[in-house]
S.K.: 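If you scroll down you'll find the structure; I have some questions about it.
Order of the sequence lines fixes the chain letters, A, B, ..., with proteins taken first and strands second; residue numbering starts at 1 for each chain. Because the structure is predicted, anything quoted here is derived from the model rather than measured.
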2 protein chains.
Amino acid sequence: MNDVAAEAGVALKTVSRVVNHEPGVNTATAERVQAAIDRLGYRRNDGARTLRQGRTASIGLVIEDVADPFYSGLSRAVEDIALGHDYLVFTGSSGESPTRERDLVLAFCARRVDGLIIVPAGDDHEYLTPEVDAGIAAVFADRPPGTGPEADTVLCDNTGGSRAGVHHLIAHGHRRIAYVGDSPSIFTAAERLEGYRQALSAAGLPYDEGLVAMGPVDQGRVQADVERLLNSPDPPTALFTGNGRTTVASLRAFASFGPGGRRLGEPHGADVALVGFDDFELADLLKITVVAQDPVGLGRTAAELLFQRLSGDEDAPRRVELPTRLIDRGSGEVRPGA
Amino acid sequence: MNDVAAEAGVALKTVSRVVNHEPGVNTATAERVQAAIDRLGYRRNDGARTLRQGRTASIGLVIEDVADPFYSGLSRAVEDIALGHDYLVFTGSSGESPTRERDLVLAFCARRVDGLIIVPAGDDHEYLTPEVDAGIAAVFADRPPGTGPEADTVLCDNTGGSRAGVHHLIAHGHRRIAYVGDSPSIFTAAERLEGYRQALSAAGLPYDEGLVAMGPVDQGRVQADVERLLNSPDPPTALFTGNGRTTVASLRAFASFGPGGRRLGEPHGADVALVGFDDFELADLLKITVVAQDPVGLGRTAAELLFQRLSGDEDAPRRVELPTRLIDRGSGEVRPGA
DNA sequence: TTGAAAGCGCTAACAT
DNA sequence: ATGTTAGCGCTTTCAA
C-alpha cells in the first residue's frame, strides 16, 4: 500500500480509501491510484485489515467427519450462509475425539474467528468459557454442549422421531421390535433409545433389554448383533436402527445371510421389517423406510443463529429442535410373519 | 501481551518468549509470566503473529461441493494432512461456478493463505498468475487448470479407467455399449468418453454417436436418455455410466420402469449390463460393477504435494495420475441376452 | 478532498 | 537472561 501510494504520488490513506471504496475521493485521484494498483499488482492484505478492525469475518466449523454425508450436508449449508455474509469458514473434523475437538476449537479461537459452530465430540466444554467471555460467539449443532458456557443449540427431534418410527412398526402389528444403535454414550443414540421406550410404553408393550443392541458402528459388531437377535428363541419381527451407518451395516448383515437366509422386509415376501433413523442416498431404491433428519436445515439454522449473534443479538441462549419426517418406502410396512 | 508483561513485571519480549516456549528464560521468570497469563486469561493472537511472520499456516481448499461424497472424502484427506502440519483449512464449494471458484480463491489469497488446493470449475485461471507470482503455492486436483500459471496437478486415470470398464463389458460379449455421462465440457467427462472410444476401437467395434448420451446430471435428463437408448430399434446390451451421480440416476431410471420393464443387469435373469465410473456407498448391496476412483488418495496426494512446495520444493510442476480399480459386483458380468 | 500519526498484537534483530 | 526498537500492512482518528 505504501508502494502504491508512492507510485501514485498520494498518501497511504488515499490508497486505503480507494481500495475500500470510501466516498470523498476525487475521481481523477482515484483513477490515478487504481492505475498504480494495477501496475503494481497490489492486493489488500485482509489479515492486516482484520487485525486492525478487530473482527476477522471468519467462522470455525467443527464437525465429526466431513466425509459423513450427514455432516457434509450440514457443512455445505453453513458454508453457503457464511459466504452470503462475506465470511470465510475454517473447517475441521474431530473424528469423535474430544481432544481433537478442543484443539480445533482453540486453534480457531487463536485465529480470532468471530464465531464457532460445533458438533461436540466431548461433553466438557469448560475450555470454551474464556473464549466466549472474550466475545467469540458459539452455536452447538446436532448435540448439546456439556459443561461450560450456555450457548445456542440446534438439534433434531431425536426422541420424537424415534418414537414415530417405532410407533409406525407397532401400527403395522409388530410387538417384538429390536433397537440397534450407536453407543449409548452418544447423545443422539440415548435420545433415540428413549423415543423407542416411549413408543413401546405408549402401546403397552414391555421393554425387553434383550432386544436392545447398542455399540460402536462397525460392520462386525452390528452384524453379530443382528444375527444374534434374529437367531434368538423369540426373535424380533422388526428392527429399528438408530442412525444411518447402523442402518447400512444392518442391510449388509442381511445381504450376507444369502438367498436362503433371513430376508429384509420388502412389500412382497419379506420376513423382517425395518425402519431406520436418518435418510441416506439410495434408500429409495432399496425401499427402506426411514425417519429422515434434515442436515441442511440443521446447518442453516445454526449458521443463521450464529449470524444473528454476530449482528448483536444478546438474548438468552436459544434451543431449537428441528422436526423429523417419516418416509414410507416399503421395509417398514411389512406385517409380522408376512 | 502488554498487560501480561505489566502484570508479571517483565518486558513484552519475555512474555513472547514464554508463550512460544523459546529457550533462554529463567524458570522462575517463566513461572511468574505463566501465572500472569493464567490470571489474565491471555491467549496469543495468531492473526497478529502471522502478520509479523509472513506466513499464515493456513491453506485454502476449493472443491465443487462438500456435500458430494467424492469431494467430501477428498476434503477429509486434505484436512487430516493439513492438521498434521499444524495448518488450518479454509473450505469453499464452487458449485461448478467459475465465478464462485475465482471469488473463493481470491478471498483465500487476500487472507494470505500459504497454499491452495483447487478443483477447478472454470478453465480460465489467469486470475491466479499474480497470486502465484506473489508466492502462493497452488495444486490442482481432479481436473487440470486451464489457462494460467503452471501448477502441480493430481488426476485420476480417467481414460485408462474408462477403457478398462468398457473393455470389461466387451470381454463379456457386449458389442453395443452405450455411454451415458456428464456434459462433455467437463474435463473428466471428456476423458472418460475418450477411454470409451479407445476400448471400442481396440476391439474393432464402431463408434456409434447414437449410443452416446452426455449432458447435465439431473434425473430427468438421464432418465430420458436411458429410456430413449433402451427403446431404440437396435438397443445397447450394456451401459457404461460416466460418473457416480449418473450411475445412480440410471439406477433410478431402471427402477422406474417397474416390474414389467427392462431390468438392470444382475447375475441371474438380467437383460442390461452396467458398469459405472466411480464407486459409491451401497454399490455393493446393489451389486453394481464399478471403476473405482480414490478420492482420499487424490486429496492426500494433492496435500502432500502442496506441503512439499511449502517446504521449499522448487522443481518443475508435477502431474500425478492415480490408478483406478475395477470392482466386479455382478451388474457388469452379465452376457448380452442373458 | 487529502494527509499525518498512532496503533491493532505480535516477532525479528539487535542491544544489554 | 532480559529488554528495546522497529515494523508486518492495514484502519482509525484527527488535522489541514
S.K.: Reading nucleotides 6-16 of chain D 5' to 3', which nucleotides get B (base under 4.0 Å from a protein heavy atom), which S (sugar-phosphate only), which -?
M.R.: BBBBBBB----

S.K.: Are OP1 or OP2 of C/dC8 and a side-chain N or O of A/T50 less than 4.0 angstrom apart?
M.R.: no

S.K.: Partners of A/E96 by salt bridge (Lys or Arg N to Asp or Glu O under 4.0 Å), sequence neighbours excluded?
M.R.: A/R143

S.K.: Between B/R245 and B/D65, does any side-chain N to carboxylate O distance fall below 4.0 Å?
M.R.: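 Looking at B/R245 and B/D65, the cut-off is not met.
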
S.K.: Between A/R309 and A/D315 (salt bridge meaning N to carboxylate O under 4.0 Å), is one present in this structure?
M.R.: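 No, no charged N to carboxylate O under 4.0 Å.
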
S.K.: Answer yes or no: does a side-chain N or O of A/T14 lie under 4.0 Å from OP1 or OP2 of C/dT2?
M.R.: no

S.K.: Relative to each other, are the rings of A/F108 and A/F90 parallel, tilted or perpendicular (30° and 60° limits)?
M.R.: parallel

S.K.: What is the ring orientation for A/H125 with A/Y127, classed by angle as parallel under 30°, tilted 30 to 60°, or perpendicular over 60°?
M.R.: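 Rings of A/H125 and A/Y127: tilted, as their planes differ by 30° to 60°.
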
S.K.: Quick one: are A/E191 and A/T188 in side-chain contact, heavy atoms under 4.5 Å?
M.R.: no

S.K.: Bend angle of the helix from C/dT1-D/dA16 to C/dT16-D/dA1 from five-pair axes at both ends, rounded to 10°?
M.R.: 40°

S.K.: Taking the basic N atoms (NZ, or NE/NH1/NH2) and the acidic carboxylate oxygens, is any pair closer than 4.0 Å for A/D313 and A/R318?
M.R.: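 Yes.
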
S.K.: Does a side-chain N-to-carboxylate-O contact under 4.0 Å join A/D152 and A/R319?
M.R.: no

